[in-house]
2 protein chains.
Amino acid sequence: MTIHDVAKLAGVSVATVSRVVNENKRVAEKTRTRVEWAISELNYAPSVLGRNLRTSKSNLLLVLLPSISNPFYTEIINGIEDTAIARGYNILLCETDSNPKREAIYFNLLRNRLAEGIISMDPSVNKNKLLELAESYPVVQCSEYDTESPIPYVTIDNEQAAYDAVTHLIESGHRKIALINSDERFLYARQRQNGYEKAMQKHGLPIRDEWVYNAEHLRFGAGQKAIRTLLQLHDRPSAVFAVSDVYAIGALKEIHRLGKKVPEDIAIIGFDKITFSDMAFPTLSTIAQPMYEMGCISAEMIMDEISGVNVNSRVLEHKLIKRDST
Amino acid sequence: MTIHDVAKLAGVSVATVSRVVNENKRVAEKTRTRVEWAISELNYAPSVLGRNLRTSKSNLLLVLLPSISNPFYTEIINGIEDTAIARGYNILLCETDSNPKREAIYFNLLRNRLAEGIISMDPSVNKNKLLELAESYPVVQCSEYDTESPIPYVTIDNEQAAYDAVTHLIESGHRKIALINSDERFLYARQRQNGYEKAMQKHGLPIRDEWVYNAEHLRFGAGQKAIRTLLQLHDRPSAVFAVSDVYAIGALKEIHRLGKKVPEDIAIIGFDKITFSDMAFPTLSTIAQPMYEMGCISAEMIMDEISGVNVNSRVLEHKLIKRDST
DNA sequence: ACGATGAATGAAAACGTTTACAAAAAGAAA
DNA sequence: TTTCTTTTTGTAAACGTTTTCATTCATCGT
């Protein structure tokens, strides 16, 4: 089952077999067919290990993400995968759970040359470690990025997108608008909060601390808890901007459970346009991110980087989707 | 950055460095510290490639799944990943899109010894190819399996589960019950249809061909389309059993859009208990599969197989979850 | 002081490829 | 035929590890 067995059976040298396998021109038709016969006879497939060791090419890409459960990431992954496969690469999906120990394992996979590059979507990744890694290996950031590092990224204009979302609420007549945000160590969280604040200020509306809620994890339950807190306030908001559809959908459900109506009693707008946002009741207004495209572009970028081509960061377009929840 | 560099810097042989790295007892304290110093000095990490070539161990598991977008799979993956990591393995997530060409690529990854085993969740996988692969390499099937092959699997009793779901509808007073099924080349689809038919027969209820709808893909839209078709029937069903929460949620949405009420006008029960099912309106009754556990067990099984331990197939418990849609 | 014992270390082979270089074979031109 | 090209093939080194076996070096009992 090694190249030697094939060579012996075909009565040629290993070099010739290797040439046949790698479709080198320099091999006579007659020998080629005999080798090909031997290969299929023995059901031989070259060892990636041996090959990689020699060529240091694994055709593997690392994709780092905090959690596979968030539909936002799955769409991006689809884009990455399609693009990578088209260029002969496969992806190694790595869920970090925002756990630095796991991150370290995956980083080593790159340093060990098991993979040729990393696409990082993990916001909580150790900035310095990533930067250090990027000095020696191809790294691309997707969605989440480090403002002052030179690592290329692909993202949207989070601040503007949040501004647009909140402006939409204001234009629908709302003046008391709450924010359900995620952890502020995420860059997107800070950027979207900025957008929220700018929109409010621009229209002369007050920002009240109690209207800004920070959720602890990215699950529906966090959205439910958030809205319960907000609805208990003495001075209740009439609309909510949630930085993730997941929060928004949780909120939607909870409001309904409490016997209130969306958008009459309280309006909600989310962020991401995950597929489920259209299945919620009522359908969720949201900011669409071009997730599939983000995946495609980051895959292109990392593969370009690997092959030595220079790449530039990209900021893609978002889009306001007006549906029934506002 | 190779073991040789470390050896030179530490003034020892490569063998000694290897021993230190692999935590072999047989190395004097003094040398050990010097080697460790050299390692951190050079920021050395052993090459997986070189190591694997020598030991033919990659500590990588292949996970084959048709689509990453289905939340059903993501939960299983969580289980696999946690278990694998705990035993020092990493997983290579492979989305096949039910494309035989992609499957072939991933199978080769195994034959190439890049991965040590496969957990296949892909129902449409080429049975013969998989069987052939299983003769030489560790393979485990999760959720979907081949009835007559000897490849071990972990699953639930789909027929019984479907039987339970339909019986629940019958006991709620329904007599005209439709089935939204997926493609019949999936084993689970056939098994659940059997369960549906058995339950109907058991209670002396008629099974009408037009009440059995086969969806073409596993997205919300397919559920919406299905229910539209069913509602247009002359003799309309009063309840629907969908073999996937995804269909059920699509149906729920569409019924609501058409101005009808669940469960008054039509009751719905799904399958899987994906996290969304609790966010739908109304909340979806469903059959809970122990997805996380299925993932854990299949990971244990494949790692056992790899280390030569004999494994047995497992059939896990399901559970009927009664919520507002029935 | 002297083997005998056991612990620590090193030299070198092996894993399965690719590829530079050398060698051989085949054709072409004389 | 002979010589020169060109094409095809083979040999062997290299990639970065692990591990067997041999060797060196302490330690200890006598």
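Note on naming: letters A, B, ... go to the chains in the order of the sequence lines (proteins, then strands), and numbering restarts at 1 for each one.
Checked against C/dT9, D/dT19, D/dG16, the side chain of B/Ser18 finds its nearest nucleotide in D/dT19. Considering only side-chain atoms of B/Arg26, the nucleotide from C/dT17, D/dT9, C/dA7 that sits closest is C/dA7. Listed candidates were D/dT17, D/dT8, D/dA12. Nearest to the side chain of B/Pro46 is D/dT17.
When rounded to the nearest whole Å, the span between CG of A/Asp5 and C1' of C/dT17 equals 13 Å. Per the geometry, NZ belonging to B/Lys57 stands 23 Å off P belonging to C/dA14, to the nearest Å. Atom C1' of nucleotide C/dT17 and atom CD1 of A/Ile39 are separated by 13 Å, given to the nearest angstrom. The NE2 atom of A/His4 sits 11 Å away from the C1' atom of D/dT11 (whole-angstrom rounding). With rounding to whole Å, A/Ile3 atom CD1 is found 12 Å from D/dG10 atom P. The CG atom of B/Asn24 sits 11 Å away from the P atom of D/dT20 (whole-angstrom rounding). Taking atom NZ of A/Lys8 as the reference point, atom P of D/dT11 lies 14 Å away to the nearest angstrom. Rounded to an integer number of Å, the gap from A/Met1 CE to C/dG16 C1' is 13 Å.
A/Asn43 and B/Arg111 are linked by a side-chain donor-acceptor pair at a separation below 3.5 angstrom, with hydrogens and angles left out of the test.
Enclosure of atom CG in A/Asn22 by more than 12 non-hydrogen atoms of other residues, nucleotides or ligands within 6.0 angstrom is indicated. Around the NZ atom of A/Lys127, the shell of radius 6.0 Å holds more than 12 heavy atoms that belong to other residues, nucleotides or ligands.
In terms of polar N and O atoms assigned as donor or acceptor, the side chain of A/Arg19 comes within less than 3.5 Å of the base of D/dG10 in a complementary pairing.
Summarising the geometry of A/Cys296 relative to A/Thr83, their closest heavy-atom pair is CA-OG1, 3.2 Å, with the distance given to 0.1 Å.
The 5' end of DNA chain C is approached more closely, in terms of each residue's nearest nucleotide, by B/Arg32 than by the other of A/Asn22 and B/Arg32. Nearest-nucleotide assignment on DNA chain D puts the 5′-proximal partner with B/Leu53, out of B/Thr16 and B/Leu53. Each of B/Ala15 and B/Leu49 lies near DNA chain D, and the nucleotide nearest B/Leu49 is the one positioned closer to the 5' end.
Within the 4.0 Å cut-off from OP1 or OP2 of C/dT9, at least one side-chain nitrogen or oxygen of B/Thr31 is found. When the side-chain nitrogen and oxygen atoms of B/Ser13 are compared with OP1 and OP2 of C/dT9, none of them lie within a distance under 4.0 Å.
Backbone-only engagement by A/Val12 is indicated by non-hydrogen atom pairs under 4.0 Å involving sugar-phosphate atoms exclusively.
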Next item on the list: Please assess B/Asp304 against B/Arg87 for the test salt bridge (charged side-chain N to carboxylate O under 4.0 Å, His left out), listing each intermediate value before the final yes or no.
Entry: CA-CA 11 Å; B/Asp304 281 350; B/Arg87 279 176 60 172; 3.4 Å; yes
